[in-house]
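Working notes for the structure below.
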Number of protein chains: 2
Amino acid sequence: MTQYEVPTLTHVAKLAGVSENTVSRVIRNKGPIADETRSRVVKAIDTLGYVPNRAAGSLASSGSLLIGVLLPSLSNIVFPEVLQGIHAALATTAYQPMVGVTNYDANKEQDILSSLLAWQPAAVITTGFDHTDATRRMLSNSRVRVAELMDIDADPIDVAVGLSHRQAGYATGRHLIERGYRRFGYVGHDWVADRRARLRHEGLCQALSETGLALLAEERFDGPSSTMAGRDTLATLLAHAPDIDAVVFSNDDMAVGGFFHCLAAGIAVRDRLALFGFNGLDIGQVLPMPLSTVRSNRFLIGKTAVEKLLESPTRPEERVVVDTGFDIIEGETA
Amino acid sequence: MTQYEVPTLTHVAKLAGVSENTVSRVIRNKGPIADETRSRVVKAIDTLGYVPNRAAGSLASSGSLLIGVLLPSLSNIVFPEVLQGIHAALATTAYQPMVGVTNYDANKEQDILSSLLAWQPAAVITTGFDHTDATRRMLSNSRVRVAELMDIDADPIDVAVGLSHRQAGYATGRHLIERGYRRFGYVGHDWVADRRARLRHEGLCQALSETGLALLAEERFDGPSSTMAGRDTLATLLAHAPDIDAVVFSNDDMAVGGFFHCLAAGIAVRDRLALFGFNGLDIGQVLPMPLSTVRSNRFLIGKTAVEKLLESPTRPEERVVVDTGFDIIEGETA
DNA sequence: GCAAAATATGTTAGCGCTGAGATAACGAAT
DNA sequence: ATTCGTTATCTCAGCGCTAACATATTTTGC
């Protein structure tokens with residue numbers, strides 16, 4: 001081996017004076033190996049600084065230790081948190097995640113998926129149920145395990161892990177009604193791309209209508225959710241409907257923005273206007289008044305998905321739905 | 001091909017009536033191909049739903065279209081933002097990122113790096129200069145390109161992209177001095193793991209001492225930075241040193257927490273106590289008073305790193321340092 | 001009209017590893 | 001002594017693809 005050649009199994013085998021296959025078995029802890037042989041091989045590996053070539057391994061064994069992960073975005077803190085859960089669950093395994101970002105675009109998801117599948121991953125983790133037909137077909141045809149995250153309000157391809165956003169919206173409505181609020185407004189963001197926000201909205205409306213109530217005003221920002229959008233959109237909403245007593249936001253980012261608007265405009269939060277979010281982000285809980293919201297266990301969703309997927313290398317007969325639930329965080333803003 | 005067999009180059013070649021190599025050349029757009037042949041091959045690919053096996057490709061060509069990315073954490077929004085920049089720059093290429101999270105642990109970084117190198121990535125992007133000797137050796141021995149992000153206050157292995165944190169700290173000090181503040185406090189987080197926060201602190205102290213000033217009080221939270229930590233730690237600082245007129249925080253998360261403390265405690269921000277952060281996060285800019293801080297272009301850092309790395313497949317003779325700079329954001333809190 | 005160049009395609013030998021089966025060495029059971 | 005089972009190791013084909021080279025086939029220049 002010259003100085004600049006990368007060592008391979010062959011080099012290790014030669015140095016240890018055994019066959020390549022024996023080295024391979026030592027590395028993978030497979031089959032019986034005499035202690036003496038093992039230590040000789042391990043020493044050779046160390047000496048050469050050998051790192052196995054996984055491309056070769058994956059080719060030979062037709063299967064890799066990769067998990068494909070498709071996330072809609074990284075700018076919404078929610079998804080990095082899911083990713084953290086995924087990483088945490090993978091940390092004790094030999095699997096590696098391979099992350100793609102779709103920007104909420106089903107066609108881009110399809111493209112990235114096909115690049116991911118080219119690596120023969122053991123499983124694919126994706127978000128929600130909005131896939132193109134081609135995506136669905138690719139996932140069905142390849143025999144990889146598939147987890148669809150965040151949402152459980154539809155039938156999964158294989159495993160779904162998340163919470164019922166409709167129920168979360170409903171619970172929000174009930175909570176506010178029980179607290180005595182009656183004149184409701186809604187501040188949202190562009191939900192063409194965000195099915196889950198729409199589901200929460202539906203659940204909310206259902207809770208209201210069951211009590212003979214309805215949203216008196218509604219304002220949706222035409223773009224992704226952000227604190228700034230929440231601040232400005234609440235201002236617009238109040239300009240149109242100054243007499244509402246509670247505002248439900250599409251999520252915490254928007255709600256925190258709403259809180260800042262109230263602060264700047266001198267509106268007494270809760271007493272004059274209740275604010276309610278969704279997600280239970282840290283930032284909402286450190287406001288001078290902790291935000292009333294719904295906790296969606298993002299880390300748990302990521303972690304659970306990995307655990308479910310690794311339970312079995314093949315798809316079970318029955319589709320699996322794991323409800324990671326949600327909790328109302330009472331806070332002080334509603 | 002039976003129904004459940006995954007199609008390979010061979011299947012495509014047979015169906016199109018050409019050699020495997022021709023199919024391969026069509027896929028990779030390499031070498032001359034007659035239009036008629038190309039369309040026949042493309043049609044066969046579509047018909048079969050063929051997806052190339054990258055493990056095989058990477059093995060045969062000894063080089064993959066992968067970029068290894070090592071980030072210290074995902075809970076600090078800063079790193080997802082860097083990752084966004086990386087993704088953005090990769091979006092127009094055939095490269096895929098493969099992300100590992102080190103939890104600010106150099107040994108974990110070393111482990112993950114060796115798993116990453118097993119995939120023969122074209123390049124590795126990592127954070128900062130704190131690596132183990134073994135990590136450094138692996139990176140030097142493998143001929144992959146290496147980018148070290150965020151920081152440019154040391155000598156890189158190959159490329160460094162980031163900003164001078166010492167200068168940023170210095171600029172912070174100068175700015176506050178020019179604004180007339182004289183009685184300085186500092187609120188930080190655990191910087192054993194955060195070399196860059198320490199460098200900013202050094203720069204700040206230097207600016208102060210050049211003007212015959214010094215930090216009158218300093219309080220460091222023993223843990224990672226967070227809004228809550230910032231709020232509580234500022235409270236502690238002020239209990240010890242009630243007479244300071246400006247506080248520099250280790251970053252925006254901490255500073256936003258500090259702002260909330262002032263809000264709750266009725267302290268007049270800026271007039272009674274100036275607040276200054278670092279990073280220029282969105283959350284700081286939507287506070288009722290926009291946070292005075294330093295913008296660190298995270299997205300640009302990620303994007304630039306990828307661009308630099310893809311300029312050439314081999315390491316240039318000269319180490320490259322790219323300064324993505326920083327700007328003072330004046331804000332209203334200092 | 002013919003050599004040289006340009007274009008289009010085929011042939012072949014691996015890349016580094018793993019799986020299946022073969023082989024060897026040795027003790028225990030018949 | 002022979003058979004059997006166990007343990008430890010080896011041999012070898014081949015995963016799906018690409019690089020290098022070989023082989024047509026066409027075009028171009030003179």
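What you see is a predicted model, and the numbers here were worked out from it, not measured in a lab. Naming: A, B, ... by sequence-line order, numbering from 1 per chain.
- Distances shown here put every side-chain N or O of A:R28 at or beyond 4.0 Å from the OP1 or OP2 atom of C:dC17.
- Between C:dG16, C:dG19, C:dG10, one nucleotide has an atom nearer to the side chain of B:V18 than all others, and that is C:dG10.
- Considering only side-chain N and O atoms, A:R25 lies nowhere under 4.0 angstrom from the phosphate OP1 or OP2 of C:dT18.
- Contact annotation: A:T8 does not reach the phosphate of C:dG16 (side-chain N/O to OP1 or OP2, under 4.0 Å).
- The shortest distance between the side-chain N/O atoms of A:T22 and the OP1/OP2 oxygens of D:dA8 is not below 4.0 Å.
- Comparing the local axis fitted to the first five base pairs of the helix from C:dG1-D:dC30 to C:dT30-D:dA1 with the one fitted to its last five gives a bend of 40°, rounded to 10°.
- Close to D:dC10, at under 4.0 Å from its OP1 or OP2, lies a side-chain N or O of A:S19.
- At least one donor-acceptor pair closer than 3.5 Å links the side chain of A:S39 to the backbone N or O of A:E36.
- One N or O donor and one acceptor, one from the side chain of A:N21 and one from the base of D:dT11, sit under 3.5 Å apart.
- Between B:S24 and D:dT18 there is a side-chain N or O to OP1 or OP2 distance below 4.0 Å.
- B:R54 comes within contact range of no nucleotide atom at all, as no heavy-atom separation falls under 4.0 Å.
- Counting all heavy atoms, side chain and backbone alike, A:I157 lies closest to A:R319 at O-CD, 3.3 Å.
- Across all strands, A:N53 comes closer than 4.0 Å only to sugar-phosphate atoms, never to a base (heavy-atom distances).
- Across residues 29-41 of chain A, A:K30 each have a non-hydrogen atom less than 4.0 Å from an atom of DNA chain C (numbered order).
- Residues A:D158 and A:P316 come closest through the heavy atom pair OD1-CD, 3.7 Å.
- With sequence neighbours excluded, the residues that form a side-chain contact (heavy atoms from CB on, under 4.5 Å) with A:S58 are A:S64, B:A55, B:W119.
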Residue pair A:E148, A:T126: steps toward the side-chain hydrogen bond (donor to acceptor under 3.5 Å, both in side chains) verdict: CA-CA 5 Å; A:E148 289 165 291; A:T126 177; over 6 Å; no

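- Counting any heavy atom pair closer than 4.0 Å across all strands shown, B:S62 reaches no nucleic acid atom.
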